[in-house]
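Remarks on the structure that follows.
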Amino acid sequence: MEKKTFYITTPIYYPSDKLHIGHTYCTVATDAIARYKRLCGYDVMFLTGTDEHGQKIEEKAKAAGLSPKEFVDRIVTGENGILDLWKLMNISNDRFIRTTDDYHVQAVQRIFKKMYDKGDIYKGAYKGKYCTPCESFWTESQLVDGKCPDCGREVHDAQEEAYFFRLSKYAKPVQELLESGTFLEPASRVNEMINNFIKPGLEDLCVSRTSFSWGIPVDFDPGHVVYVWVDALFNYCTALGLLNDKYDDFEHYWPADVHVVGKEIVRFHSIIWPAMLMSMELPLPKKVYGHGWLVIDGGKMSKSKGNVVNPYVLAERFGVDALRFFLLRTFPFGTDGNFSNELLISTINTDLANDLGNLVSRTTAMVEKYFGGKLPVERQSEDVDGELVEMIKSARAKYEKQMDALQLHLALEDIFKLIQRANKYIDETAPWVLAKDESKKTRLATVMYNLLEALRVSLILLTPFMPESCQKAFSQIGADESCRSWEKAAEYGALPADVSVTKGETLFPRLDMAKELEALEKLEHQDRQEPKTPPVLPDVSIDDFAKCDMRVCKVISCEAVKKSDKLLKFMLDDGSGTPRQILSGIHKFYEPEQLVGKTLVAILNLPSRKMMGQDSNGMLLSAVREVDGKEELHLLILDDSVPAGSQLC
Ligand code: ME8
């Protein structure tokens, strides 16, 4: 019989910065579900990837002096990048899509054209507030005091050609979808979508941009690029082969069983995504699950607050499995969770070191001590065994119910009830007392066997959460492959009667809270302090370098440009006899009077450009770097003895 399929996805991440613990949470949760489904025998397709287009990436790349593709490559495939992080976290994705992959680009162009041919995408005019110097459209709500939020200048009403998707046409079927069954979970998110977005009226969605170029070109209308969310959402289909030749699994796996997404992107996945699929006449995903955020002190993690938690630091200090486990055991999946290092350390101590780790080490140590590592086959049961044996037999069914409802923390809670029960059983049966009496050996062996069985079943169910540690623990308790399967998780008695154990390394050492907190603080501080030095750019030829005319200039005068917070206007002696005007956005770093008379370096042969209506003929050179998330800038100031007009070579 053919296996049932299960298609699960994470969001595709923006490679605009390194990923943090919040992204890791989302991916680890999805991984645990995918591993669980594989364990149950499903033919699983688990997809993750990166969402690489858009204005934000284009701007960041420019600031880093890289092309957008070079910039995203560093974050996706570079050292300690996204691929490295998923490898470290033991993520078992079957496929990884990058939206810059050719097959995806072509497929999105075909999809866009199909919706256009159908009349669901049409050309219209995008109306907004336009800032001419910044070449940017803004909405009313983005303006600051009615002015451009970037440069503070006046904006005016303007419109530009753009393509729109007829989202309004699909308002009714999308509402019906949201109200029917379990398409969107947790259920609380359904009302939020209907009340905040559908009831006020769904407007058609602008799905092309002309103000920047880092996107998938609309191939039948040069100058337009596809809106990044249209490009991104279709990854779930193109990665299976929709409208491309790279893969051929669309029929096999589509529709997705679940898209796991963070709460802030539920709107895109539960309104825009099904509407576009309806337009494409494709089956709809079975479920969108909107998980909560990991927050710090109740607020969002952010680079500017300097509280972004780096998963590498935690995984290296405590181990990948402990980190995976902590994330999924502690925070209910559907709601926000307050992350703290104290909570991480105390969870590791309580659940992993005390409950699970202790049960493994005490049990294996006792089997070694009392039986030389191998149990005799005779058994002698007593009433006190009943409750534990019942819990072993029913654990899988309870777990399955919670896992299928994506209540990962509740599934783990149930497993730990079994583990705690087994620890209590040790106290109840007092094996050290039984060991003293030769006539109680059979009873003692039965107690040991029950403990090993409780462990075996718990470990099978824990495997999707902590794959490596469970493998190690299986070896310690003598559970070979034949008794680690899903089927055997519902049985009591799968371990051989004469099972052999090997007490191995401590799986989860107990941590000293104060010491660990101090160490973490240091590591995190170091991590945040690391100078963000960009890597060396690709080589240029000496001839290309020689084309840059860089010269020493003396500052004749310098003043702030009216109505601009950033700009300083310089008149410079470049040695030619004619003063040169250059505008530079460095007011944040220097007052004009500090610079008069100084000897600076400028590149002169850049095309002249207008800034705030004034010409700027060249660019002053400065040294920039980021320290603690803040930009530092130092103009290149030379010794006054260097004459104006000297060329740099
Ligand atoms: O949204 N806690 O990408 P993204 C939990 N490219 N989850 C968090 C989190 C936190 N603190 N911070 C972020 C995008 N996330 C789009 C997706 S899908 C077609 C396109 C989650 O890198 C966030 O909620 O900004 C989202 O689900 C995911 O990380 C990716 O965020």
Side-chain angles (χ1 to χ4, degrees), residues 8-31 47-57 60 72 75-76 81-82 85-86 89 91 93 95-100 104 107-108 111 186 189 207 214-216 226-240 242 256 258-274 276-277 285 288-305 307-311 314 323 326-328 330-340 408-409:
I8 184 165
T9 66
T10 69
I12 49 171
Y13 298 91
Y14 283 127
S16 54
D17 266 312
K18 293 225 157 142
L19 299 189
H20 57 59
I21 197 74
H23 305 109
T24 309
Y25 172 57
C26 178
T27 312
V28 163
T30 312
D31 183 65
L47 173 73
T48 186
T50 41
D51 178 6
E52 304 189 354
H53 291 121
Q55 192 167 12
K56 189 160 98 185
I57 305 263
K60 285 225 163 193
V72 292
I75 298 185
V76 180
I82 296 179
L85 178 61
W86 296 157
M89 293 307 301
I91 302 302
N93 56 300
R95 212 158 270 181
F96 189 93
I97 184 169
R98 301 182 62 179
T99 55
T100 48
H104 172 78
V108 167
I111 289 164
R189 308 227 185 261
V207 290
W214 181 239
I216 298 185
V226 175
Y227 174 43
V228 69
W229 270 101
V230 175
D231 163 0
L233 285 162
F234 274 101
N235 92 86
Y236 301 131
C237 295
T238 62
L240 297 180
L242 179 70
V258 55
H259 293 309
V260 177
V261 303
K263 63 178 186 179
E264 87 285 17
I265 57 173
V266 162
R267 176 167 75 93
F268 297 94
H269 285 81
S270 66
I271 296 177
I272 297 171
W273 181 222
M276 289 196 299
L277 288 168
V288 170
Y289 192 92
H291 67 75
W293 277 346
L294 287 194
V295 295
I296 304 242
D297 300 327
K300 234 189 145 178
M301 268 176 238
S302 80
K303 225 175 140 187
S304 56
K305 283 192 212 157
N307 64 0
V308 173
V309 177
N310 182 346
L314 300 180
L323 180 57
F326 161 72
L327 292 172
L328 304 180
T330 316
F331 308 112
F333 197 36
T335 53
D336 286 355
N338 218 336
F339 176 92
S340 74
L408 309 186
H409 68 294

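Order of listing sets the numbers, starting from 1, for every ligand and every atom in it. Excluded from the calculations below are hydrogen atoms, water molecules and symmetry mates; all remaining heavy atoms, backbone and side chain alike, are included.
Distance from atom 17 (C) of ligand 1 to its nearest protein heavy atom, with residue and atom name: Ile12 O, 3.1 Å. Counting only heavy atoms of the protein, atom 1 (O) of ligand 1 lies nearest to Ile265 CG2, 3.6 Å. Counting only heavy atoms of the protein, atom 14 (C) of ligand 1 lies nearest to Tyr14 CE1, 3.5 Å. Scanning the protein for heavy atoms near atom 19 (C) of ligand 1, the closest one is Tyr236 OH, 3.5 Å. Looking from atom 30 (C) of ligand 1 to the surrounding protein, the closest heavy atom is Tyr13 CD2, 3.4 Å.
Residue nearest to atom 6 (N) of ligand 1, selected from Leu294, Asp51, Leu327: Asp51 (by heavy-atom distance). The heavy atom nearest to atom 10 (C) of ligand 1, out of those in Ala29, Gly22, Gly262, Pro15, is found in Gly22. Counting only non-hydrogen atoms, the option in Lys263, His23, Lys56 that gets closest to atom 31 (O) of ligand 1 is His23.
Residue Thr330 comes nearest to Phe326 through the heavy atom pair OG1-O, 2.5 Å, listed as atom of the first residue, atom of the second, then distance. Taking each heavy atom of His23 and Trp86 in turn, the nearest pair found is O-CH2, 3.9 Å.
For the pair Phe268 and ligand 1, no heavy-atom separation below 4.0 Å is found. For the pair Ser16 and ligand 1, no heavy-atom separation below 4.0 Å is found.
Atoms of ligand 1 found under 4.0 Å from any heavy atom of Gly292, numbered from 1 in the order shown, are 5 (C). Those atoms of ligand 1 with a heavy atom of Ala232 less than 4.0 angstrom away are 19 (C). Interface atoms of ligand 1 facing His269, defined by a heavy-atom separation under 4.0 Å, are 18 (S), 19 (C). Each of the atoms 5 (C), 7 (N) of ligand 1 lies under 4.0 Å from some heavy atom of His291. With ligand atoms numbered from 1 in the order given, ligand 1 contributes 16 (C), 17 (C), 18 (S), 19 (C), 20 (C) to contacts under 4.0 Å with heavy atoms of Trp229.
When only interatomic distances are considered, the shortest N/O to N/O separation between Glu264 and ligand 1 falls below 3.5 Å.
Legend: residues meeting side chain to side chain donor-acceptor pair (under 3.5 Å) with Arg189, ordered by chain and number and at least two apart, are absent. Not a single side chain to side chain donor-acceptor pair (under 3.5 Å) links Trp214 to another residue, sequence neighbours left out.
Side-chain contact between Val230 and Val207 is present, with at least one heavy-atom pair separated by less than 4.5 Å. Side-chain atoms of Glu264 and Trp293, non-hydrogen and from C-beta on, do get closer than 4.5 Å to each other. Two residues are said to be in side-chain contact when any heavy atoms from C-beta on lie closer than 4.5 Å; Val261 and Tyr289 fail this criterion. In this structure, the side chains of Asp336 and Leu294 stay at 4.5 Å or more apart for every pair of heavy atoms. The closest side-chain heavy-atom distance from Val28 to Ile91 is below 4.5 Å.
Between Asp51 and Arg98, no side-chain nitrogen of the basic residue sits less than 4.0 Å from a carboxylate oxygen of the acidic one, so the salt-bridge criterion is not met.
Results of the ring pair (Phe, Tyr, Trp, His ring centres under 6.0 Å) test with Trp273 over Trp229, Phe268, Phe234 single out Phe234 as the only residue that passes.
Only the side chain of His20 comes within 4.0 Å of ligand 1, judged by heavy-atom distances.
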